[in-house]
Amino acid sequence: MEKLLILDSNSLLNRAFYALPPLTNNEGLNTNAIYGFSNMLLKMQDDINPDYIVAAFDKKAPTFRHKEYGDYKAGRKKMPPELSEQFPVVKEFLKLLGVNIYEIEGFEADDIIGTIAKTAAKEGMEVYVVTGDKDALQLADKNINVLITKKGVSEVAAYDYDTFVKEFEVTPTQFIDVKGLMGDKSDNIPGVPGVGEKTAFKLIKEYGSVENVLMNIDSISGKKLKENLENYKEQAIFSKKLATIMVDVPFEGIMEEIKDKRETDKDKLKELLIKLNMKSVLNKYISSSDEEERVIDITELSNSEELKRILLSEDNKYYIAYDINESPLNSKRSIKTFVVSKGEDSNFIDMTNLDNHGFEVLKEFFEDENKIKVIHDSKALIKILNKKGIEVKGFEFDTAIASYLIDSAQSDYNIDRIVMLFIGDEIKGDKDECLKKGVVYLKELEERLIKKIKDEGMDELYYSVEHPLIYTLASMENIGFNIDEETLKELKDKFKKEIEVTAKEIYDLAEEEFNIGSPKQLGKILFEKLDLPVIKKTKTGYSTNADVLEKLRDKHPIIDKVTYYRQITKINSTYVEGLMALIDEDGKIHSSFNQTVTTTGRLSSTEPNLQNIPIRYEMGREIRKIFIPTNEDDLLLSSDYSQIELRVLADMSGDVNMIDAFKHHSDIHTKTASEVFNVPIEEVTSTMRSSAKAVNFGIVYGISDFSLAQDIGVTKKEASEYMKVYFDRYPKIKTYLDSLIDSAKENGYIKTILNRKRIIPEIKSSNRIVKALGERLAMNAPIQGSAADIIKIAMNNVYNRLKKEGLKSELILQVHDELILNVKKDELEKVNILVKEEMENAIKLKVPLDVDGNYGKTWYDTK
DNA sequence: CTGGTCTGCAA
DNA sequence: TATTGCAGACCAG
């Protein structure tokens, strides 16, 4: 006997949604109902093994029940958006599975189910109806099994005619009569007042139907019950009608349609399940035996001859992964394992003991532009090759960087992770195995990523900015920043003495020795021994951060000493000792610029982080004196964008007032102050200017009145007033920021000037704090990200022009809005102009970009 | 020895 | 109850 499985989709999704904890994919789409639904479906398929499956949905349009009874299902809460957004996805899922979906205007899913169930049973099918709604029990019949979900969605209780009668002692049809009498709160079916489940069953068991009950009211005991039955006769009949599931919805050729089975669209199903991050479901639908198992034939190349055979025997496209011997020192990094594939093969070679001939092979391979290379996370490899005098040509695509452009929020872009993310396969094994197995996925990854990048409109961003930037950064990192070790040692001694003296003073004031660096011990001294007022607490105890100490400084002389001690030990450990440990054999520091870390598109810098060298306070700023040019005669040039983020904001918002200010090269903070405080430019005080500056900063970050108030030390109300006036003066900024939030809410992401995408799952959160964060991200990311786009363009252009013009000056550092170059003395003027030109003309905005260049003998002096 | 927490540096 | 990062010190497990 053929089996038909009918899904009461609305009911099941509701069940799953409320039974399972919230679950989202990486884009913030809720998936818990989908997950529960698909697992339930899998279980049913396993248990029943149906020949056909159909899914019924409710339509939004009112049904005949609503039309006849205005209050039908009234009082039902509106479906939360976290659930409703999952409906289209489930429909897509079912469609790809080949399941027929039925939803008909004017009928509920129940009616569709009833009709299909009865029709199919009549035609000799064994029918299974799965639902979370007990109403459907009235459909139970000889060949119709109604499966009701129990606790959650994993288990079901099954009823056919016999089991139903056995349990309830009425027939399934009589169950409608029961409902007519008792009503149904959730559907707002009234029934007869005073008649509950017990009485209803009792009456129907005795009289068989609502009609018969009503004809025999006289013989029923109980005065009140009689009265109610008498008074609500019509309501009882009507309720029965409402509770009756239709079994005669007009369906033309429904059975033929159901039997006309469609195939599962495996490729698209896979894609959808990967997108939903539902690997476990995917595995069940597409078992590995179903797919051609990826044949991974891993070959070890044991000498340079074998390497040569793979790399040089023909012109081809090569997929490359590698591992390096990590070291904090650039000079000590080398290639450990080199893995190459021409598509399906995987060949690796242990580079540690490779002879010189091996590097000749690599040189011939990498410098041949007809041998096309796709490299996963190429920069470290390029750096090592470049150091050995090998250029890299014919390099077309970096799968790590491309993956970052598609989703910048991943914690890393190792091959195994992005294979899971974009292909859905799990690569098992340690780092080494992931590499060797992963290389065979690079071809498919490349194809998918190229398509995605094109679809997202990021061709220019990848091919003209990020990809060329790999070479620019590799060069900067290999060049490094020269260090004045003498001065550094002097600083070290100076700080060491200062720390000792300060510590002694603190011990004297505390009248005991303790670890000043331990917030726990310091807290004990300050708040218990010295009994200072507790300002703030942390999870683990008293807060002793800078803000707290600032508030306490009048209360005890120890506070200023502690603050000073903090500053000086911070500078000493992080910058003096930290930098000292990273000076390479060439006397330079070679920081790494990571291209795939930040969510906004900025670079980040590690080992060491050269993007947070102190500048605000003199004591820390001194650190900059140790950064010197490569050669004695050279100079350092620092060129920085003035207010690039506000200019980007002016451009993207199109606010005429702000655009004007930049066009006239006004001091934007003073101008803002004059607007917000309504005074002429000349009367702007420095306090006003710094408040305005804080507002401008706040706008860029996505502001709240609370934080602004805290920042500039006014009340929340005043801060709120500043913002209001600000938006009055720059009206288009307000509308622009709002439009960013709207677009993020609608699409789930925002884009920068170059279409760099940042997915913002937070904005869909039902937690209002998280959602508020999402809104700030939506406002900040396009601004910060566009500024990042612009300086990246400038970096490539500066790098290429210096090379093209045969100049010996070199780009060595980027600090978000600033480029630092090592400049030959006789090139200074030329390079200063060149850099300014390239930075200012990196992109055409509605406002000019202003670049200020400063040079000096040390980084400290470039001011 | 690792990972969590607190702290503080930059744009 | 402001965005993006990196890193050192401490400390519990």
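If you're wondering where the values come from, they're calculated on a predicted model, not measured in any experiment. Values below: every heavy atom of this structure, side chains too, minus hydrogens, waters and symmetry copies. Below, chains carry the letters A, B, ... as their sequence lines are ordered, and counting in each starts from 1.
Using a 4.0 Å heavy-atom cutoff across all strands shown, Gly517(A) reaches sugar-phosphate atoms only and no base atom. Nucleic acid contact class of Ile613(A) (heavy atoms, under 4.0 Å, all strands): sugar-phosphate only. At a threshold of 4.0 angstrom between heavy atoms, the contacts of Leu603(A) with the nucleic acid are absent. Looking at heavy-atom distances under 4.0 Å, Arg566(A) makes contact with sugar-phosphate atoms alone, never a base. Across all strands shown, Gln710(A) has no heavy atoms under 4.0 Å from either base or sugar-phosphate atoms. Looking at heavy-atom distances under 4.0 Å, Asn612(A) makes contact with a base. Within 4.0 Å (heavy atoms only), Leu773(A) reaches sugar-phosphate atoms of the nucleic acid but no base atom. Across all strands shown, Lys539(A) has heavy atoms under 4.0 Å from sugar-phosphate atoms exclusively, and none from any base. Backbone-only contact: Val597(A) has heavy atoms under 4.0 Å from sugar-phosphate atoms and none from a base. Residue-level contact check: Ala546(A) touches the backbone only, with heavy atoms under 4.0 Å from sugar-phosphate atoms and none from bases.
Ile712(A) places its CD1 atom 15 Å from the C1' atom of dT1(C), with the value rounded to the nearest Å. Rounded to an integer number of Å, the gap from Tyr404(A) OH to dT4(C) P is 12 Å. Between Ile623(A) atom CD1 and dG8(C) atom P the separation is 13 Å, expressed in whole Å. In this entry the distance linking CD1 of Ile750(A) with P of dT4(C) reads 11 Å, nearest Å. dG5(C) atom P lies 7 Å from atom CD of Gln784(A), rounded to whole Å. In this structure, CD of Glu775(A) is placed 13 Å from P of dT3(C), rounded to the nearest angstrom. If you take CD of Glu607(A) and P of dG8(C), they are 9 Å apart, rounded to a whole angstrom. Between the CZ atom of Phe593(A) and the C1' atom of dC6(C) there is a distance of 13 Å, given to the nearest Å.
Under 4.0 Å is where a charged nitrogen must lie from a carboxylate oxygen, and between Glu456(A) and Lys751(A) at least one such pair does. Between Asp667(A) and Arg689(A), at least one side-chain N (NZ, or NE/NH1/NH2) sits under 4.0 Å from a carboxylate O, which counts as a salt bridge. Under the 4.0 Å criterion applied to side-chain N and carboxylate O atoms, Lys792(A) and Glu466(A) are assigned as salt-bridge partners. Checked for salt-bridge contact, Lys836(A) and Glu840(A) meet the test: a charged N lies under 4.0 Å from a carboxylate O.
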Go through it in stages, so that I can follow the logic: the residues are Glu675(A) and Lys671(A), the test is salt bridge (charged side-chain N to carboxylate O under 4.0 Å, His left out), and I'd like the CA-CA distance, side-chain angles, deciding distance and then a yes or no. CA-CA 6 Å; Glu675(A) 300 274 8; Lys671(A) 169 86 166 123; 2.9 Å; yes
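Checked against the 6.0 Å centroid criterion, the rings of Tyr722(A) and Tyr726(A) do not qualify as a close aromatic pair.
The aromatic rings of Phe527(A) and Tyr542(A) are tilted relative to each other, their planes meeting at an angle between 30° and 60°.
Close approach of DNA chain B to chain A, defined as any atom under 4.0 Å from a non-hydrogen atom of the protein, starts and stops at dT5(B) to dA11(B).
When all heavy atoms of Met476(A) and Leu811(A) are compared, the pair lying nearest together is CG-O, 3.3 Å.
Within the cation-pi definition used here (under 6.0 Å to the ring centroid, within 45° of the axis), Lys588(A) does not qualify as a partner of Phe481(A). A cation-pi arrangement is absent between Lys716(A) and Phe706(A) under the rule of less than 6.0 angstrom and at most 45 degrees off the ring axis.
Of all the residues in residues 569-583 of chain A, Ser573(A), Thr574(A) reach under 4.0 Å from DNA chain C with at least one non-hydrogen atom.
Between dT3(C) and Arg776(A), a contact under 4.0 Å exists linking OP1 or OP2 to a side-chain N or O. The phosphate of dT4(C) (OP1 or OP2) has a side-chain N or O of Arg758(A) nearer than 4.0 angstrom.
Residues Pro782(A) and Tyr736(A) have side chains in contact (heavy-atom distance under 4.5 Å, counting atoms from C-beta outward).
With hydrogens and angles ignored, no donor-acceptor pair under 3.5 angstrom links the side chain of Asn515(A) to the base of dA9(C).
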